[in-house]
Amino acid sequence: MNIDNLNKQQKEAVELVGGPILIFAGAGSGKTRVLTHKIAYLVQEIGLPPENILAVTFTNKAADEMKQRVQKLLNMDVSSMSVGTFHSISARILRREIHALGYDNNFVIYDQDDSKALIKGVIRDMELDEKTFVPKSIQGHVSKYKNQMVDYEYLNKTATGYFDEKLSEIYMHYQRALQGNNALDFDDLLLKPLELFSEHPSRLEFYQEKFKYVLVDEYQDTNRPQFEFVHALSSKHRDICVVGDDDQSIYSWRGADVNNILNFSESFGDSNVIKLEQNYRSTQFILDCAWSVVSRNSSRAEKKLWTENEKGEKLSIIECRDERDESWKIIKIIRNESLNSNRSFDQIVILYRTNAQSRAIEDALRREAVPYQIIGGTKFYERKEIKDVLAYLRLIVNPNDGISFDRIINFPARGIGKTSVEKIHSLAKEKDCSYLNVISNPEGLDVGQKQKKSLKEFSDLILKFKNSYEKLDAATITTDLLLDINLKNYYENQNTVEAQDRWSNVEELLNSIVDFQDLKADNNLSDFLEEVSLLTDIDRWNEADKAVTLMTIHSAKGLEFPVVIMAGLEEGLFPLGGSSYELEDLEEERRLFYVALTRAEKKVYLSHANARRRFGGPPMPTIQSRFLHELPLEMLDQVENNQVNKIKSSFNEEKISIVPKIKSTANEFSIGDQIEHKLFGRGKILAIEGNGSAAKLTIQFSGNIRKKLIAKYANLTQLKT
DNA sequence: CTTAAATACTTTTTT
DNA sequence: AGTATTTAAG
């Protein structure tokens, strides 16, 4: 292994072994290189076996990349190394150990939706007013307390007033319900290992021996349970190395505590601190602008990034009329970058503060046929049709999962209404068993004959698959299941584009199950379910696609792009919030702005609109973000309203000019035709199955969207060239 | 119990 | 504006 290509501080960080190490790694300072080289160094020079290394990353994607890079450096198999997010590492441990805490090892992981549904049920059972105890907000409270490691007993003891008192009771019932369903929420995933360690010290010792060296990336965004986790694991050997940057701490709203990094030395005992301050990513101008903003924050660790890179281009400020104008100008910029600066679409990212901003931009990109990829928003695995199918699979793996049961007991409709469901619930409570158990023998249930028959069929279906799920692979089970419940017909009979869409999403789910199995032969259904619950948006991102990427700034953490376009620089939107800011909140917004700027290598555009619509209302006037005023004027290029056209004059607009539209009757399509769809915009017909108005058309739309639509429902407009 | 119509809600960021 | 949830009619 060669480390001569590292700078002095990087080398020091790699070679220093023994005792706690804190690496302050500024944006673009080569932190990933240091981490991968350090791991390789531990294996090759120190002789530590890969299975004794634990490396925690922020996304699963980062974990995979890290593993691959270490493998390449060492040219040996490192698959025994534990690399992953806190949540996935914990899930792996719990999969083996959680029976010691009174759960079953085949537990399911509840996402926010599931856990909200469970809380809603608890609130109803307690007969509380849902206006006072809004499930979503209660879930937020409970999650916050769990992140702070406050349990319901403590909350109950310290409660002042009716609300807190009831909150602690909901919290308690929720926690019991989770256990009854044999389910963990995201917060439990971090808390249960700590419970395991304190109740069974021998298990802690086991993992301390297993993970002799612990590395943590993005340490500034760890919360209390995560701190306790690494602290416990490393307290024996004291071999821990954390990497982070307090200026990039952007997750305090979900319990991350920047003091974890600021107080590292006190918490872990005498330690070495290394600062990586040379930036290899960005131009001088970008770095100076970023510094000019973030240095206004108080209570930062002392450090300053520098670079040997050229000054580069000034940052461009784009003034827009409203969000539609903004989208339009962004497209001009993209075309300009691609035609005149010869950049491919994948070198450009559009960043925004809130997911809702993506819609206007997306519409414009689609209209103008610019290929794009959106990260976030409604995630694939959170779509209703996907969750419905997953609920079946989850119930097969874990028959105690009441939330999944409720989701599918009448989907597709099988004549089980609200009253029947309530009767199932109360009988299950009475007999202290699962819902599935109740309906497997519906005789004791006070429901109609038709319902009894239907319930029995449902329970037989689930049990049939349950008996075979360990023998059969996940794809086979899913295929059989879809046939059994006849989901394809269900969607096709609706004869709408939306239903078509939903079915094609289900097909995509099936594909992803097949992909998952191909990756590792011994992966079963339960492993697949765990993986999808812990996937990040970024994990599904295909960098290789030649498309512009759209994402929130939070999602962009750790990434870099030649060109960054940041939209919506207005007070109230970025910085986000109402009229009064807590200073701390404002400082986090400022760090977020800093993160956004430092993603850029060459060029930054900052746009703001003079008016913006919210909730589909009329455009409301806005004022410029204060962050724009915190940048040094001499590094800015003000592009006045309507001047975007003049950025470079050779810009060629002809490509998207008006193509005459001719309404077409449905049966005259042929392969290769250009068409326009109301929702998906322009596209090209790739294939036709069947004929006449019932023909199924496979159409490639921009933004890497491919759809199968039925001619008579799709309402397509044919474009004649 | 199912379907259609009315109304409520969304926009903080995510594991 | 678009979607989800609740209520009313069949």
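Note on naming: letters A, B, ... go to the chains in the order of the sequence lines (proteins, then strands), and numbering restarts at 1 for each one. If you're wondering where the values come from, they're calculated on a predicted model, not measured in any experiment.
Atom CG of A:D111 and atom C1' of B:dT14 are 12 Å apart (whole Å). Between A:D539 atom CG and B:dT14 atom P there is a gap of 13 Å when expressed in whole angstrom units. The CD-C1' distance, from A:Q112 to B:dT14, rounds to 8 Å in whole Å. Here B:dT14 presents its C1' atom at 17 Å from CD of A:Q248, a figure rounded to the nearest Å. In this structure, CD of A:E588 is placed 11 Å from C1' of B:dT12, rounded to the nearest angstrom. We find that CD of A:Q139 is positioned 12 Å from C1' of B:dT14, with the value rounded to whole Å. Spacing between atom CG of A:L592 and atom C1' of B:dT12 amounts to 10 Å, rounded to whole angstrom units. The interatomic distance linking A:F411 (CZ) with B:dC1 (P) rounds to 18 Å, in whole Å.
For the pair A:L534 and A:K131, both in contact range of DNA chain B, the more 5′-proximal nearest nucleotide belongs to A:K131. Map A:F186 and A:K136 each onto its nearest nucleotide of DNA chain B; the residue landing nearer the 5' end is A:K136.
Looking only at distances, no side-chain donor or acceptor of A:E492 sits under 3.5 Å from a matching main-chain atom of A:Q500.
Remark: A:T552 is not in phosphate contact with B:dT12, judged by side-chain N or O atoms under 4.0 Å from OP1 or OP2. In terms of phosphate contacts, A:N355 brings no side-chain nitrogen or oxygen within less than 4.0 Å of OP1 or OP2 of B:dT10.
A:Q357 comes within 4.0 angstrom of no nucleic acid atom, judged by non-hydrogen atoms across all strands. Within the 4.0 angstrom heavy-atom criterion, only backbone atoms of the sugar-phosphate kind lie near A:T419; the bases stay farther away. Contact annotation for A:T59: no contact, since no heavy-atom pair falls under 4.0 Å across all strands. Within 4.0 Å of A:Y251, counting heavy atoms only, lie sugar-phosphate atoms of the nucleic acid but no base atom.
Looking at every heavy atom in both residues, A:S454 comes nearest to A:R414 through OG-O, 2.8 Å. Here the closest heavy-atom approach between residue A:K452 and residue A:E443 is recorded as NZ-O, 3.5 Å.
Stacking of A:R353 on the aromatic ring of A:F593 is not recorded, the 6.0 Å distance cut-off and the 45° axial limit not both being met. A cation-pi arrangement, defined by a distance under 6.0 Å to the six-membered ring centre and an angle within 45 degrees of its axis, is present between A:R254 and A:Y251. Within the cation-pi definition used here (under 6.0 Å to the ring centroid, within 45° of the axis), A:K557 qualifies as a partner of A:F58.
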How would you summarise protein contacts on nucleotides 2-10 of chain C per nucleotide, using B for base, S for sugar-phosphate only and - for none, with heavy-atom distances below 4.0 Å?
S---S----
Could you check A:Q226 against A:Y219 for side-chain hydrogen bond (donor to acceptor under 3.5 Å, both in side chains), going step by step and ending with a plain yes or no?
CA-CA 10 Å; A:Q226 290 167 338; A:Y219 189 70; over 6 Å; no
Checking side-chain hydrogen bond (donor to acceptor under 3.5 Å, both in side chains) for the pair A:T549/A:Q373: CA distance, chi angles, key distance, verdict?
CA-CA 5 Å; A:T549 305; A:Q373 266 191 101; 4.7 Å; no
Stepwise, does the side-chain hydrogen bond (donor to acceptor under 3.5 Å, both in side chains) test hold for A:N60 with A:D539?
CA-CA 6 Å; A:N60 297 294; A:D539 298 328; 2.9 Å; yes
Are any protein N/O atoms closer than 3.5 Å to N/O atoms in nucleotides 2-4 of chain B? If there are, list each pair with its distance.
residue	atom	partner	partner atom	Å
B:dT2	OP1	A:G415	N	2.8
B:dT2	OP2	A:N410	ND2	3.1

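No aromatic stack links A:F615 and the base of B:dT10, using centre distance under 5.5 Å and interplanar angle under 30°.
Atom P of B:dT13 sits at a distance of 16 Å from the matching atom of C:dA4, rounded to the whole Å.
Of the listed nucleotides (B:dT14, B:dC1, B:dT11), B:dT14 has the atom at the smallest distance from the side chain of A:S555.
For A:D217, the side-chain contact (heavy atoms from CB on, under 4.5 Å) partners two or more places apart in sequence, or in a different chain, are A:K31, A:L35, A:V243.
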